[in-house]
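Structure, as structure tokens:
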Amino acid sequence: MSNTQKKPLPFICNFTAGAIAGISEILTFYPLDVVKTRMQLETGKSRHGLVGTFRAIIKEEGFGRLYRGLVPPLLMEAPKRATKFAANDFWGKRYLKLSGESKMTQSLSILTGCSAGATESFVVVPFELVKIKLQDKASTFAGPMDVVKTVVRKDGLLGLYAGMEATMWRHLWWNGGYFGCIFQVRSLLPKAQTTQRRLMNDLTAGTIGGFVGTAINTPFDVVKSRIQGATKVPGVVPKYNWTYPALVTIFREEGPAALYKGFVPKVLRLAPGGGVLLLVVEVTLGLFRQVLGPPYI
């Protein structure tokens, strides 16, 4: 059976591959996420760069602080991947049908990625909120459940969805840039004749996609961190509330560079992380195909 005639793998295989890849990426690059969040929560001109922030955290709070807030993203990975794959499949089929195309194009790939990212954000927000609260230097929470109880007690269940709009934009733009780049880069790279060459193409496409997605969505990530890291004061309108007005406020008060606070640790994580993600997914799916045999091979 030719590659074009291979039977699609069951959803559980795609979901499992995505979950394994996501957890691998988190465990490998998580300290960079902590550093990124610290830099984004710092208003005004940053006092520390990437290395300085790393050193400050280790010196003042201990090495273990670099893994503070790790539980929420790990718990988030399974529902996040299930939603991402289901949404990608759902929107991809819908857009192919609406456009009349027989196969995916770059424009449809970007549109599908953006739509899947927006859908995914509904699952991600509460976990991201808890993670940000724990990563903050000023955090006094005992753990994830302490954050949840405190937020629900003060703001109700909807308090767990603070930053929903900013998270939606962050995921929409990252997924659009990531999947759009993967499609384009794969088409430009020499056609893989071996498994090793195919895996190298996936690593290259995923890394470039991760860089572009990060470059596009970092300002939205800065706003999301500010919104979710803030403490609500009754009767006081939050300084950072809606995404695009917040972008203007940060630009006006802190300059354009402030919109890219945390970009270096973020791109150091998500560029190679995007490559690792795609590589682990493809390797895992290949193993599933070998186990299941024809007609999946």
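Here, residue 1 is the first one in the sequence, and each next residue gets the next number.
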CD on E128 to OG on S225, rounded to 0.5 Å = 8.0 Å

Report the C-alpha separation of Y178 and V212 in whole Å, then their side-chain angles, then the decisive distance to 0.1 Å, and conclude whether the side chain to side chain contact (heavy atoms under 4.5 Å, CB included) test is met.
-> CA-CA 7 Å; Y178 180 67; V212 172; over 6 Å; no

Tell me, do T119 and F90 make a side-chain contact under 4.5 Å, heavy atoms counted?
-> no

Minimum-distance pair of heavy atoms, taken over all atoms of V223 and A166 | CG1-CB, 4.3 Å

Is a donor on one side and an acceptor on the other found under 3.5 Å between the side chain of T37 and the backbone of I132?
-> no

Establish whether V267 and W173 are linked, either directly or via other cluster members, by ILVMFWY side-chain heavy-atom contacts under 4.5 Å.
-> yes

Hey, mind stepping through N217 and H171 against side chain to side chain contact (heavy atoms under 4.5 Å, CB included) and telling me if it holds?
-> CA-CA 8 Å; N217 93 328; H171 282 262; over 6 Å; no

Look at the side-chain heavy atoms of Ile, Leu, Val, Met, Phe, Trp and Tyr, link any pair under 4.5 Å apart, and say whether V185 and F183 land in one connected group.
-> no

For F29, does the CZ atom have more than 12 heavy-atom neighbours from other residues, nucleotides or ligands under 6.0 Å away?
-> yes

Does some side-chain heavy atom of L129 sit less than 4.5 Å from a side-chain heavy atom of V148?
-> no

Check for a donor-acceptor pair, side chain of R68 on one end and backbone N or O of L134 on the other, with a separation under 3.5 Å.
-> yes

Got a sec, which residues hit salt bridge (charged side-chain N to carboxylate O under 4.0 Å, His left out) with K239, two or more places apart in sequence or on another chain?
-> E253

Okay, side chain of T16, backbone of C13: is any donor-acceptor separation there less than 3.5 Å?
-> no

Can F263 be reached from L50 by stepping across I, L, V, M, F, W or Y side chains whose heavy atoms are under 4.5 Å apart?
-> no

Sub-4.5 Å side-chain heavy-atom contact between K191 and Q193 = yes

Name the one of K137, R38, R55 that satisfies salt bridge (Lys or Arg N to Asp or Glu O under 4.0 Å) with E60?
-> K137

Would you confirm whether Y30, through its side chain, and G69, through its main-chain N or O, come within 3.5 Å as a donor-acceptor pair?
-> yes

Do W242 and I227 have side-chain heavy atoms sitting under 4.5 Å apart?
-> no

Between W169 and Y244, is the gap from one ring center to the other below 6.0 Å?
-> yes

Any donor-acceptor pair under 3.5 Å linking the side chain of K131 with the backbone of P73?
-> no

Correct closest heavy-atom pair for I250 and A258 would be CG2-CB, 3.6 Å

Compare every heavy atom of L96 with every heavy atom of S102, then report the nearest pair and how far apart it is.
-> C-CD2, 4.5 Å

Separation of L32 CG from T53 OG1 (nearest 0.5 Å) = 11.0 Å

Salt bridge K80-E25, side-chain N to carboxylate O under 4.0 Å = no

Taking atom CE of M104 as the centre, report whether more than 12 heavy atoms of other residues, nucleotides or ligands fall under 6.0 Å from it.
-> yes

Please report the shortest heavy-atom distance between V280 and A21, naming the atom on each side.
-> CG1-CA, 3.6 Å

Look at the side chain of Y67 and the backbone N and O of V34, then say whether any donor-acceptor pair between them is shorter than 3.5 Å.
-> no

Looking at F179 and G113, what are the two nearest heavy atoms and their distance?
-> CD1-CA, 3.9 Å

Could you check if a side-chain atom of L292 sits within less than 4.5 angstrom of a side-chain atom of P10, using non-hydrogen atoms only?
-> yes

Should we count CG of L158 as having more than 12 external heavy atoms under 6.0 Å?
-> no

Under the salt bridge (charged side-chain N to carboxylate O under 4.0 Å, His left out) test, residues paired with E282 that sit two or more places apart | R186, R198

With side chains defined as the heavy atoms from C-beta onward, is the minimum distance between F211 and C181 less than 4.5 Å?
-> no

Stepwise side chain to side chain contact (heavy atoms under 4.5 Å, CB included) test for L259 and F251 | CA-CA 7 Å; L259 294 174; F251 182 91; 4.0 Å; yes

Would W174 and I216 show up in the same hydrophobic cluster when neighbours are defined by side-chain heavy atoms closer than 4.5 Å?
-> no

Please walk me through it: do M168 and K224 pass side chain to side chain contact (heavy atoms under 4.5 Å, CB included)?
-> CA-CA 9 Å; M168 183 197 72; K224 183 196 76 70; over 6 Å; no

List the atom of A17, the atom of L285, and the distance in Å for their closest heavy-atom pair.
-> CB-CD2, 3.8 Å

Connected via hydrophobic side-chain network under 4.5 Å: V152 and V147 | yes

May I ask you to test the I23-L74 pair for a side-chain heavy-atom distance under 4.5 Å?
-> yes

Within the side chain of T218, is there an N or O that forms a donor-acceptor pair under 3.5 Å with the backbone of A215?
-> no

Counting only heavy atoms not in L188, do more than 12 fall under 6.0 Å of its CG?
-> yes

Give the intermediate values and the outcome of side chain to side chain donor-acceptor pair (under 3.5 Å) for residues Y95 and S115.
-> CA-CA 10 Å; Y95 292 141; S115 301; 2.6 Å; yes

Value for CG (L70) from CD1 (I26), rounded to nearest 0.5 Å, stands at 7.5 Å

Are V281 and D202 close enough that some pair of their side-chain heavy atoms sits under 4.5 Å apart?
-> no

Contacts of K36 that satisfy side-chain contact (heavy atoms from CB on, under 4.5 Å) - sequence neighbours left out = D33, Q40, R170, D221, P265, K266

Output for pair (S187 OG, I182 CD1), nearest 0.5 Å, gives 12.0 Å

Which distance, rounded to the nearest 0.5 Å, do you find between the OG1 of T243 and the CZ of F220?
-> 7.5 Å

From S121 atom OG to Y161 atom OH, the distance as rounded to the nearest 0.5 Å | 9.0 Å

